[in-house]
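We name chains A, B, ... by the order of the sequence lines, and we start the count at 1 in each one. Since the structure is predicted, the reported quantities are computational estimates derived from the model, not experimental observations.
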Amino acid sequence: MRPLLEVQGLTAGYGGVPVLDEVDLAIEPATICAVLGANGAGKTTLVRALSGLIRPAAGQVVYDGRNLDGVPVEDRVRLGLAHVPEGRAVVEQLTVDENLRLAVLWRRDRHVRRDLAEVYELFEPLARRRSHLGHQLSGGERQMLALGRALVAGPRLLLLDEPSLGLAPKVIAEILTLLARLRDTTGLTVLLVEQNVRSALSVADRSVVMALGRVTTADVSDATLRHAYLGF
Amino acid sequence: MERFVFLTLDGLARGAVYAAFGLALVLIWRGTRVVNFAQGALAVASAYLAYTVTGATGSYWWGLVAALAGGLALGALVELLVMRWAGRAGPLEPVIAALGLVLLIQALLGMVYGNDFHPVDTPFARTALTVRGFDLVSPYDLFVLGAVLTVMLLLAVLFGRTKTGLRMRAAAFAPEVSRLLGVRVGRVLTLGWALAAAVGALAAMLVIPTELGLHPTAMDLVFVSGFTAAVVGGLDSPVGAVVGGLGVGVVLSYVGGYLGSDATPVAVLLLLLTVLLLRPGGLFSTVQARRV
Ligand SMILES: Nc1ncnc2c1ncn2[C@@H]1O[C@H](COP(=O)(O)OP(=O)(O)OP(=O)(O)O)[C@@H](O)[C@H]1O
Ligand SMILES: [Mg+2]
């Protein structure tokens, strides 16, 4: 099958200082790919380059057979590419409902209402806090909101940057289970950046390790490799 | 006592103008973290456009429409042609660009219209209505209050109840997240500048006839009052700007009424300094707004 996302020789950084160094990566549709690596390895930078928040200095990102070079951030989400940034970027001054509706403003189809209702069904606590402001939510609720807000746009590729950060193991497990279910039922493809190696590997179909801005190994399912890079 | 009531009502009408002007400053500050020092000059340019249109058509109302439309267009142009690029260069550049625009606009207006004061007519009488022999409020002051109130209500509906308003709020608070969610933040900013300049133009249309008349620098002092209103409100708060504007208007009306109109320019500056010294974050600021 043709990969949904193909990254070739991607080099990117901040203000001329390169962080990503010729990254190659391919993700098959309806799979979860975990991206592991130490702090500062360049995982967030990779995700930001994929969603268009930073411009690559070289290399290309091909999504669904289409080169994303020059496609602005705002248009990538319209193509089905959703990015949940690190640190649960909920808009604190807006209510839960406004945060969710914000993500579907660009949609012109008739199913917007139904999709919003689905997210509320999926995340019960959000439904009870519809009119609460973002800054009134707990960490777990914020993560639900950030995730629900990405899902409501109906993405095909979900870029998740450390969704487990600061969450209880039970909540992490729930979120990962949900991702696996969406992969199996709707064919959602996920790029999952995680520090929490064990839980990430529990749902990932495939995983890669980043170090110093490079994808150092394309698969850690091999036990010896895993031990060498991750130490367990 | 009657004088006090009259000065209060007159001050509220004046304050409504400062509130509108301050609100326009707040709109831009929230969206771009820029104090739009060019807002007065842009508003005067719109008022000159109205002067020309009213002169040609003989109708105050066509002039008002032209001022609002001109304000919208000027605001959008300034964002598209100047601020967008200045903002990329650095945080101070938009402010410098705004100050440059002031000089440019005032010089151009002076060249086209001359540097004399043009008296401007009002659509309603400026003499106070008398109730049981006491001066109360002029029909024009009522018109000013009504016009500003209408604009505020329209803006409140726009921001609170429409999709565009949701986009504008989100883009102001979290531009990056908004872009990730598909909001075209660039367009939203252009719209914000357009709306702010139109509100500024309205303020100029309302206040200029009550002062010396139309002149390239006619809004300089109003800018200080409007800026004070916005700062009193905390720069981030639309409601704060409105309350601040009304407060500044009333205070200045008392100063002018009891101490003489020569004292008002000094009073505005004193007020601004006092607020900046005592509550630099403004009276309505939250802790969060002050940190920014
Ligand atoms: N905005 C920035 N400006 C300059 N350098 C940055 C910026 N953001 C990140 N970097 C640098 O880029 C490198 C990679 O950072 P990145 O955030 O991609 O790492 P990460 O793998 O996501 O780390 P973590 O696990 O801590 O989130 C780091 O050395 C960091 O210092
Ligand atoms: Mg990171």
Side-chain angles (χ1 to χ4, degrees), chain A residues 15 44 47-48 50-54 71-108 112 131 133-136 142 145-155 157-161, chain B residues 26-27 29-33 80 84 87-91 156-192 233-240 281-282 284-292:
Chain A
T44 297
V47 177
R48 288 170 66 84
L50 294 181
S51 63
L53 285 175
I54 53 177
V71 177
V73 182
E74 301 92 309
D75 286 329
R76 295 189 190 199
V77 68
R78 288 170 171 77
L79 296 174
L81 202 149
H83 171 185
V84 181
E86 199 171 11
R88 324 179 182 104
V90 157
V91 187
E92 300 199 328
Q93 298 90 339
L94 299 183
T95 65
V96 168
D97 201 52
E98 286 171 338
N99 265 282
L100 281 178
R101 281 194 289 124
L102 190 60
V104 288
L105 288 181
W106 59 270
R107 281 179 48 180
R108 294 271 172 269
V112 170
S131 51
L133 291 173
H135 70 80
Q136 297 173 307
R142 285 175 196 224
L145 181 52
L147 191 56
R149 202 177 55 183
L151 290 175
V152 80
L157 175 62
L158 188 59
L159 309 171
L160 280 179
D161 197 351
Chain B
V26 167
L27 279 183
W29 172 260
R30 291 209 325 171
T32 56
R33 299 281 136 182
L80 284 171
R84 180 160 296 199
R88 284 191 194 158
V157 170
L158 173 73
F159 277 91
R161 306 239 174 258
T162 68
K163 289 184 178 183
T164 303
L166 180 54
R167 284 191 188 97
M168 294 183 79
R169 280 183 294 146
F173 295 131
E176 192 172 287
V177 171
S178 301
R179 294 186 71 201
L180 284 176
L181 298 176
V183 176
R184 298 193 195 283
V185 171
R187 283 189 203 170
V188 170
L189 279 184
T190 310
L191 179 62
L235 263 184
D236 251 325
S237 158
V239 176
F284 288 76
S285 63
T286 57
V287 177
Q288 201 190 3
R290 235 177 289 144
R291 258 208 323 258
V292 172

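For the pair B/Arg179/A/Val77, no side-chain contact is recorded, criterion being any heavy-atom separation below 4.5 Å from C-beta on. Side-chain atoms of B/Val177 and A/Val91, non-hydrogen and from C-beta on, do get closer than 4.5 Å to each other.
Against chain B, the residues from residues 147-154 of chain A that qualify, each with a non-hydrogen atom under 4.5 angstrom away, are A/Arg149 in number order.
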Report task. Might you work through the side-chain contact (heavy atoms from CB on, under 4.5 Å) test for B/Leu181 and A/Glu74, ending with a clear yes or no? Result -> CA-CA 7 Å; B/Leu181 298 176; A/Glu74 301 92 309; over 6 Å; no
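If you tally non-hydrogen atom pairs under 4.5 Å between each of A/Leu94, A/Asn99, A/Val90 and chain B, the highest count goes to A/Leu94. Between chain B and the options A/Ala103, A/Ser51, A/Gly52, A/Ala82, heavy-atom pairs under 4.5 Å are most frequent for A/Ala103. The residue among A/Arg78, A/His83, A/Arg107, A/Arg76 with the most heavy atom pairs within less than 4.5 Å of chain B is A/Arg78.
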Pairs of donor and acceptor atoms involving the side chains of residues 159-167 of chain B, under 3.5 Å and at least two apart or interchain, shall be tabulated with distances.
residue: B/Thr162; atom: OG1; partner: B/Leu158; partner atom: O; Å: 2.5
residue: B/Thr162; atom: OG1; partner: B/Gly165; partner atom: N; Å: 2.9
residue: B/Arg167; atom: NH2; partner: A/Leu105; partner atom: O; Å: 3.4

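Look at A/Arg48 and B/Glu176 and you find a salt bridge, because one of the NZ, NE, NH1 or NH2 atoms lies within 4.0 Å of a carboxylate O, short of that distance.
A/Leu102 touches chain B through backbone and side chain together, each having a heavy atom under 4.5 Å away.
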